[in-house]
2 protein chains.
Amino acid sequence: MAERAGARARTGAGRSLPKSHRTRERILDAAARVLGSKGYAGTRLQDVAAEAGLQAPAIYYYFGSRDELIAEVMYVGAHRVRGHVIDVLAALPVETDAMGRILAAVEAHLRYELLISDYTTASVRNAGQVPESVRERAAAEEAAYSHMWRDLFEQAQAAGELRSDLDLNLTRFLIIGAMNWAAEWWDPKHRTLDDLVASTQALVLNGVGRH
Amino acid sequence: MAERAGARARTGAGRSLPKSHRTRERILDAAARVLGSKGYAGTRLQDVAAEAGLQAPAIYYYFGSRDELIAEVMYVGAHRVRGHVIDVLAALPVETDAMGRILAAVEAHLRYELLISDYTTASVRNAGQVPESVRERAAAEEAAYSHMWRDLFEQAQAAGELRSDLDLNLTRFLIIGAMNWAAEWWDPKHRTLDDLVASTQALVLNGVGRH
DNA sequence: GTCTATACTCGGATAGAC
DNA sequence: GTCTATCCGAGTATAGAC
């Protein structure tokens, strides 16, 4: 789960992150986990602190309030998936066709959401529950991410790689929804992530692709 | 907890529902709405009471505790979708093929979830957040519902109406997930429910159907 | 049956020691 | 930077009037 920095060398010299920064990151990771499992109203600073290995008041040294901490988790979650998917797309061979790019994005989204980051789960599960004021910063990120997916689908459509009778917006939301919801039921003990990725890609390819 | 007797109509004869029963139902409806929008920990009895048009302590006449009320909402939510889908399937012409039954179930699920019932949204959104003890009763209903979908897919597979290379379990969860998630983004002001139903059915038909 | 008043608990936030 | 101690508002639940 977390991109927890892991204990860095105590030995001085090569230290790239000051201690305060690492503690802040640990609190953020802990908050993402609690937020993802307990929800917005259920997220207690005491639980976050326990997960991070310190006492609740220490959180106030790094964040102004509970809502500020939660807003940061939501923002970071949305920001990092988007960054990850964009990196993966950028690394594809230039000759990759539009459908190939969609399938790569599907894989990148699923792997990041389910394997790497608690933030995305937290963000996605609580989007509908947190007050407007707390969502604001994350909302811009989410809009940008949604925009990226729309571009992918529109490029595929322009290239004639999609069925022509499709409602692109509805279909896109359905597919993203299927992936987001996977966080609710996917259990690594029952199914490998590779299998889930393959099934999702198959559903997308057959469901929207021209053949 | 459910059928606490309650006082019956004083006026005798023609009344089909005693007043106490109707008030209980109103509280339950209100709780479903609040639970769906605020989440488990965010559901305050005061808000539920306000939605139902009475004061918070009145709730205790019908329910033993906050958790008992919420557990009832979760149970009723799961119970009613399942009942609705089963009714729709039972009303289909006997000659309907297996894929036709799946598409009918997709339509029934979406219409019930998005148009008729706040319960399903509440149940679906909070499945991961409420404590085990509160989920217990609803869990059996959800298992039965999941079982019903598995039957539908297995019958389609046995009839040779599905692609042969499919992981049936994963695909089923992906499709149910896409539908459940629709409650998070579908906005009747932008898209008609008919359009959503059609797009979902198309995704299923092309995504898993043979040819 | 539904209300007002209130006891009790819990969690966010601040003060101030170290 | 992180702790202990504490204040305070919010929310569940109960008592008891009507």
Side-chain angles (χ1 to χ4, degrees), chain A residues 5 7-8 10 15 17-31 33-35 37-73 126 129-131 133-134, chain B residues 1-12 15 17-31 33-35 37-73 126 129-131 133-134:
Chain A
R8 298 200 132 245
R10 294 182 193 77
R15 189 129 22 120
L17 290 176
K19 183 176 181 221
S20 71
H21 187 290
R22 273 176 290 131
T23 304
R24 193 189 128 94
E25 200 68 16
R26 233 174 53 231
I27 293 171
L28 218 46
D29 284 353
R33 277 191 294 277
V34 176
L35 186 60
S37 66
K38 299 289 182 61
Y40 170 70
T43 297
R44 327 252 180 243
L45 293 185
Q46 213 176 351
D47 297 343
V48 174
E51 281 261 333
L54 35 69
Q55 299 300 313
I59 294 175
Y60 285 89
Y61 181 79
Y62 299 95
F63 300 91
S65 70
R66 173 182 175 276
D67 274 0
E68 192 180 305
L69 167 61
I70 291 175
E72 176 83 359
V73 170
N126 290 287
Q129 288 183 9
V130 305
S133 59
V134 175
Chain B
M1 69 196 61
E3 336 286 296
R4 187 176 296 227
R8 298 218 118 240
R10 295 176 192 80
T11 45
R15 190 104 57 95
L17 286 176
K19 184 179 179 213
S20 71
H21 187 290
R22 275 177 287 131
T23 303
R24 186 182 192 275
E25 200 67 17
R26 236 174 50 232
I27 294 171
L28 218 45
D29 285 353
R33 276 190 296 276
V34 176
L35 187 60
S37 66
K38 299 290 181 60
Y40 170 70
T43 297
R44 326 259 179 235
L45 294 185
Q46 213 175 352
D47 298 343
V48 173
E51 281 261 334
L54 35 70
Q55 299 300 314
I59 294 175
Y60 286 89
Y61 180 80
Y62 299 94
F63 301 90
S65 69
R66 173 181 175 277
D67 274 359
E68 192 180 305
L69 168 61
I70 291 176
E72 177 81 0
V73 170
N126 291 288
Q129 287 183 9
V130 305
S133 58
V134 175

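In the text below, chain A, chain B and the rest are named by the order of the sequence lines, each starting its count at 1. Note that the structure is a prediction, hence the values are computed from the model and not measured.
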Trainee: When you measure from the side-chain N and O atoms of Thr23(A) to the phosphate of dT2(D), is any distance below 4.0 Å, counting only OP1 and OP2?
Mentor: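 Result: yes.
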
Trainee: By a strict heavy-atom criterion of less than 4.0 Å, which residues belonging to residues 58-73 of chain A are in contact with DNA chain D?
Mentor: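 Heavy-atom contacts with DNA chain D come from Ala58(A), Tyr61(A), Tyr62(A).
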
Trainee: As an exercise, state the distance from CD1 of Ile59(B) to CG of Leu28(B), rounded to the nearest 0.5 Å.
Mentor: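 Output value for this atom pair is 10.5 Å.
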
Trainee: Please list, pair by pair, any protein nitrogen or oxygen found under 3.5 Å from a nitrogen or oxygen in nucleotides 16-18 of chain C.
Mentor:
none

Trainee: Scan the side chains in residues 45-55 of chain B for donor-acceptor partners under 3.5 Å anywhere in the protein, sequence neighbours excluded, and list what turns up.
Mentor:
{"residue": "Glu51(B)", "atom": "OE1", "partner": "Arg33(B)", "partner atom": "NE", "Å": "2.6"}
{"residue": "Glu51(B)", "atom": "OE1", "partner": "Arg33(B)", "partner atom": "NH2", "Å": "3.3"}

Trainee: How far does NE2 of His21(A) sit from OH of Tyr62(A), to the nearest 0.5 angstrom?
Mentor: 10.5 Å

Trainee: Let me confirm one number: the CD1-OH distance from Ile27(A) to Tyr60(A), rounded to the nearest 0.5 Å.
Mentor: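 Between Ile27(A) CD1 and Tyr60(A) OH, I get 11.5 Å after rounding to 0.5 Å.
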
Trainee: Please identify each residue that fulfils side-chain contact (heavy atoms from CB on, under 4.5 Å) with Ser37(A), with sequence neighbours left out.
Mentor: none

Trainee: What residues in residues 44-56 of chain B put a non-hydrogen atom under 4.0 Å from any atom of DNA chain C?
Mentor: Leu54(B), Gln55(B)

Trainee: Taking only residues two or more places apart in sequence or in another chain, which ones pass side-chain hydrogen bond (donor to acceptor under 3.5 Å, both in side chains) with Arg24(A)?
Mentor: Glu72(A)

Trainee: Do the non-hydrogen side-chain atoms of Asp29(A) and Arg26(A) ever get within less than 4.5 Å of each other?
Mentor: no

Trainee: Find the distance between CD1 (Ile70(B)) and OG1 (Thr43(B)) and round it off to the nearest 0.5 Å.
Mentor: 5.0 Å

Trainee: Got a donor-acceptor contact below 3.5 angstrom from the Arg66(B) side chain to the Phe63(B) backbone?
Mentor: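 No, because the side chain of Arg66(B) does not come within donor-acceptor range (under 3.5 Å) of the backbone of Phe63(B).
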
Trainee: Tell me the interatomic distance from Tyr40(B), atom OH, to dG11(D), atom P, rounded to whole angstroms.
Mentor: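 Distance, rounded to whole Å: 15 Å.
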
Trainee: Go nucleotide by nucleotide along DNA chain C from the 5' end; which of Pro57(B) and Pro57(A) gets its closest nucleotide reached first?
Mentor: Pro57(B)

Trainee: Looking only at heavy atoms, what is the nearest atom pair of Tyr40(B) and Val134(B), with distance?
Mentor: OH-CG2, 4.4 Å

Trainee: Rounded to 10°, tell me the angle between the two end axes of the helix from dG1(C)-dC18(D) to dC18(C)-dG1(D), each built from five pairs.
Mentor: 0°

